[in-house]
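Before any comments, here is the structure.
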Amino acid sequence: MRGVGSSAGAAAASLALLLAGCTAGAPSSEPAPDRRVEPALVAQREAAGIPDCPETPASATAVEGGLPDLLLGCLGSGRQVNLAALRGKPMIINFWAQWCAPCRLEAPHLKEFAARAGDDVLVLGVDFADPDPALALEFASEAGWTYPHLTDPLKQTAGPVRFQGIPITLYVDAEGVIAYRAIGGIASTEQMVKDADTFLGVRL
């Protein structure tokens, strides 16, 4: 039975290549499909003033030392985001959870930095290993975070991004390369400003 399955799989792969023609192996330019999400979560996100996540293609070629070709859902939205497609602007990506005490302590610094950075830096959260999106949105609202958040309840990012615990904050340059990893809670807004200058070349 295994041989039959392998033959069928190979035939399907060959057909796909024929249909794709010269574009075989190229990342898709089609936007990532939306997922079904509870309307109550959408309403909760919008009431908190948290914007929808950036729109990206369904797949993208990961750059060396960069974010993986991985789709994550958007917290309180049906949109999906491909991490490897997030390029074109310096980014700070913070991995957090509402149950994480150090995440709660660093929350004011992320709020202040995002307000100070404005459009110069894309600030993005990733709600990691969090079982309840409603509680996550409640915390994000209380923290005053007005930037988008992805959600990774199954911890898919831990392996490709190479981290073991949260909080962790990634400083990602405009080409999508991870320039710096701040492991543990952020101590101050000024430290974030300094790191953005040092590792991303952004002066705030």
Side-chain angles (χ1 to χ4, degrees), residues 31-58 67-68 70-86 89-161 163-172 181-189 192:
D34 285 356
R35 301 189 310 179
R36 187 171 177 273
V37 65
E38 294 179 22
L41 293 176
V42 177
Q44 188 179 2
R45 174 182 61 80
E46 292 176 345
I50 298 172
D52 205 346
C53 295
E55 186 175 20
T56 67
L67 298 170
L70 179 65
L71 277 177
L72 293 181
C74 185
L75 184 63
S77 164
R79 184 169 289 176
Q80 294 190 91
V81 175
N82 189 295
L83 294 180
L86 291 170
K89 178 182 285 191
M91 293 179 288
I92 288 182
I93 303 177
N94 173 257
F95 291 76
W96 63 275
Q98 53 84 18
W99 47 259
C100 163
C103 302
R104 289 181 172 269
L105 290 175
E106 71 176 1
H109 306 310
L110 287 156
K111 174 188 174 182
E112 291 170 2
F113 178 86
R116 185 163 172 177
D119 293 332
D120 293 334
V121 179
L122 172 62
V123 180
L124 192 63
V126 180
D127 183 30
F128 182 80
D130 217 340
D132 191 333
L135 286 179
L137 282 166
E138 182 180 317
F139 167 58
S141 177
E142 291 172 354
W145 289 342
T146 54
Y147 52 85
H149 298 269
L150 304 175
T151 179
D152 184 12
L154 301 179
K155 304 189 280 190
Q156 298 178 80
T157 51
V161 180
F163 67 93
Q164 294 182 340
I166 57 172
I168 180 172
T169 303
L170 306 180
Y171 290 71
V172 184
R181 301 164 184 264
I183 299 172
I186 294 166
S188 70
T189 307
M192 291 190 72

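Along the sequence shown, the residues carry numbers beginning at 1. It should be emphasised that the depicted structure is a prediction, and the values quoted were computed from it without experimental measurement.
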Closest approach of Lys89 to Val121 (non-hydrogen atoms, all atoms of both residues): CD-C, 4.1 Å
Inter-residue atom distance Ile166.CD1 - Ile183.CD1, 0.5 Å rounding: 13.5 Å
Min side-chain heavy-atom separation Thr169-Ile92 under 4.5 Å: yes
Reference residue Leu150; test side-chain contact (heavy atoms from CB on, under 4.5 Å); the match among Leu75, Leu70, Leu71, Leu124: Leu124
Nearest-0.5 Å distance, CG of residue Asp34 to SG of residue Cys74: 9.5 Å
Plane angle bin for Trp96 and His149 - parallel if under 30°, tilted between 30 and 60°, otherwise perpendicular: perpendicular
Short side-chain to backbone donor-acceptor contact, Arg79 and Cys53, under 3.5 Å: yes
Heavy-atom closest contact (Leu83 atom, Pro68 atom, distance): CB-O, 3.4 Å
Euclidean distance, Phe113 CZ relative to Thr189 OG1, rounded to 0.5 Å: 9.0 Å
Step-by-step side-chain contact (heavy atoms from CB on, under 4.5 Å) determination, Leu72 to Val81: CA-CA 5 Å; Leu72 293 181; Val81 175; 5.5 Å; no
Contact check, side chains of Tyr147 and Leu122, non-hydrogen atoms, under 4.5 Å: no
Separation of Cys103 SG from Ile186 CD1 (nearest 0.5 Å): 9.5 Å
For the student: nearest non-hydrogen atoms of Met91 and Leu86, plus distance: CE-O, 3.0 Å
Ring-ring centroid check Trp99 Phe139, cutoff 6.0 Å: no
Gln98 side chain near Glu138 side chain, heavy-atom distance below 4.5 Å: no
Main-chain N/O of Asn82 paired with Thr56 side-chain donor or acceptor, under 3.5 Å: yes
CD/Glu142: more than 12 non-hydrogen atoms of other groups inside 6.0 Å: yes
Pairwise distance CD(Gln44) to CG(Leu137) - rounded to 0.5 angstrom: 4.5 Å
Contact summary for Trp145 and Ile50, nearest pair of heavy atoms: O-CG1, 3.3 Å
Pairwise salt bridge (Lys or Arg N to Asp or Glu O under 4.0 Å) hits with a residue in residues 107-136, at least two apart: Arg116-Glu190
Trace of the side-chain contact (heavy atoms from CB on, under 4.5 Å) decision for Leu67 with Ile93: CA-CA 11 Å; Leu67 298 170; Ile93 303 177; 3.7 Å; yes
Residue pair Pro167 / Glu106: nearest heavy atoms and the distance that separates them: CB-OE2, 3.2 Å
Nearest-0.5 Å distance, CE of residue Met192 to OH of residue Tyr171: 4.0 Å
Smallest separation among heavy atoms of Val37 and Ser77, with atom names: CG1-C, 3.7 Å
